[in-house]
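These values consider heavy atoms only, across backbone and side chains, with no hydrogens, waters or symmetry-generated copies. Chain naming here is simple, since letters A, B, ... match the order of the sequence lines and numbering starts at 1 in each.
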Amino acid sequence: MDEKKAAILGEIPRLRRYARSLLRDRDSADDLVQDCLERALVRLDNWQTGESPRRWLFTIMHHLFIDQMRKVNRRGEAAMLPLEASEAQAAPAEQVESIASREIVDALQAISPDRRAALVMVAIEGFSYAEAANILGVPAGTLMSRIARGREELRALLDDTARRRSIRIVEK
Amino acid sequence: MSRRDFSERDIHMALDGELPGDERTAYEAWLEANAEMKAKSARYAADRAALRAAFNGVLDEPVPVRLNKVVLGEASVVRAAPSRSRWWLAVAAAAMLVIGGAGGYLAGIGGLGLENRAEDQLAEEAIAAHVIYAAEKRHAVEVPASDKDHLQSWLSNQVGLKLVAPDLAAQGFQLVGGRLLPAGQGKAAMLLYEDDKGARISLFVTAESAAKAKGTYGSEEDGPAAIYWLDKGYGCAVVGSLPRERLAAVAKSAYGQLLAALQS
């Protein structure tokens, strides 16, 4: 197996984690990874020797995600939103999640995709501001404000969840 | 050492390892002197730890074979159509969340149930019926609310479910009446309600469902949205152009009453 392919294989777990944080649903996230890998293989020649495979692949995947997001916005595609997780009696749990973990995953899904991507890049994937800005194709200042807004929004949603949970307990 | 004023921006930089090393000491001192900023920093740090904990498990999952095969070239690159379209449906849902503004209300997600299109169909039929009949002044319903007992028994017999017309007075809605509609291969009952300002909502119930799902469905425009739930043997959607919170309150009340009747 050639070196490039070996390097790509090694990045799949990280790509899956990033996709999962963008989309949450496991199959959808893996479909995004698959699209990313397919595109990467077609463009293998564009990959400069010496360039980090991680940065290259994340850039490809992010473009796929953002392109699709824009198309969906333009077309005015109808979409489904499941109700609150706690009330979604029928939703099968894909993995065992603690309540705290589920809450933060829910909150992450609720913030804008741009902010979500920026925050995840830095806070989970551990990219530097410079690397993340490069991958997302935005100036460093934009990246920083997305991270700051993203964190604020996430915290506000978590505070809100905690408040609603306490209201529900009082109701019973 | 150069002194400078720190701000909330520095909290993020410090957390993300972007604060220059020679500013670190001054930053820590500033944080110690600002209880509010210190608390904020602690919350953000805890959130980040929770985020990492929530997603780190993905790294330990076995990589799906199909992904490795793409890279190794063992599989044809062509993929089955249903799979192809799935991830961007999740994107569509994500886009909806953004348009939802505050977004948080209906955003608590329990997995995007995108594989099953039964709820799509139910919600679309319910919305279509609502658009047609809720706009009707004189012929909105076949059986008026004044004949409620007959309405309930007739629709129950036709649809094959034990149906009641839920009492939604607490949410400000009075029953206008109901009608029978085609739905998929079977029949659906539609119940129309109106509030004192003339706003109308409808309940759409069918006996056809093998899937289990629950959610909301709507277009991005200002058109009506549906809150639906499906279980084995029945499916129901509440449709209206109300603010989401109010529609959710109506749906919750209707759901409780319909379920109680179905299971009685």
Side-chain angles (χ1 to χ4, degrees), chain A residues 5 8-9 12-13 16-17 20-21 23-25 27-34 37-38 41 65 68-69 72-73 76-86 88-92 94-95 100-101 104-106 108-110 112-113 122-124 128-129 144 147-148 151 154-155 157-158 160, chain B residues 8-9 12 16 18 43-44 47-48 50-55 57-59 61 63-64 66-68 70-72 77 79 83-84 86-98 103-104 106-115 119-120 212-221 227 231:
Chain A
K5 285 189 174 178
I8 292 172
L9 281 178
I12 292 179
R16 292 184 74 230
R17 180 172 65 175
R20 195 81 64 86
S21 68
L23 295 172
R24 173 151 200 181
D25 174 70
D27 289 338
S28 305
D30 281 340
D31 284 350
L32 174 57
V33 174
Q34 186 167 345
L37 295 172
E38 285 169 3
L41 287 173
F65 175 69
Q68 202 56 62
M69 185 78 74
V72 166
N73 278 335
E77 207 70 53
M80 293 179 297
L81 297 186
L83 282 177
E84 283 179 69
S86 55
Q89 52 185 20
E94 282 198 331
Q95 65 200 62
S101 172
I104 202 151
V105 171
D106 287 346
L108 185 67
Q109 287 298 312
S112 91
V122 169
I124 300 178
S128 70
Y129 283 2
M144 284 189 67
I147 291 170
R151 279 209 175 101
L154 193 69
R155 179 76 330 248
L157 285 165
L158 290 168
D160 195 45
Chain B
E8 204 172 325
R9 179 187 159 96
H12 298 287
D16 297 327
E18 298 279 339
R43 276 198 300 273
Y44 288 158
D47 288 348
R48 184 179 60 172
L51 272 179
R52 286 182 177 170
F55 288 101
V58 178
L59 295 182
E61 291 174 7
V63 171
R66 63 173 165 128
L67 297 182
N68 284 332
V70 170
V71 180
L72 298 171
V77 181
R79 188 182 356 192
S83 156
R84 176 118 225 143
R86 210 165 47 210
W87 73 263
W88 66 259
L89 274 169
V91 173
M96 268 283 287
L97 292 176
V98 179
L106 290 169
I109 293 187
L112 293 161
L114 297 166
E115 291 94 311
E119 58 261 41
D120 271 22
K212 271 191 155 205
K214 190 170 184 178
T216 71
Y217 185 102
S219 60
E220 283 178 16
E221 306 92 65
I227 294 184
D231 208 329

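Partners of B/Tyr44 by ring-ring contact (aromatic ring centres under 6.0 Å, His included), not counting sequence neighbours, listed by chain and number: B/His12.
Interface remark: B/Ala50 contributes backbone and side-chain atoms alike to the contact with chain A (heavy atom separation under 4.5 Å). Using a 4.5 Å cut-off between heavy atoms, A/Ile124 contacts chain B through both its backbone and its side chain. Contacts between A/Leu37 and chain B at a heavy-atom distance below 4.5 Å involve backbone atoms as well as side-chain atoms.
Of the charged side-chain nitrogens involved, at least one lies within less than 4.0 Å of a carboxylate oxygen, so that B/Asp47 and A/Arg155 count as a salt-bridged pair. Between A/Arg151 and B/Glu8 there is no salt bridge, since none of the side-chain N atoms of the basic residue sits less than 4.0 Å from a carboxylate O of the acidic one.
No other option in B/Glu18, B/Arg43, B/Arg52, B/Arg48 has as many heavy-atom pairs under 4.5 Å with chain A as B/Glu18.
For the pair A/Leu154/B/Leu51, a side-chain contact is recorded, criterion being any heavy-atom separation below 4.5 Å from C-beta on.
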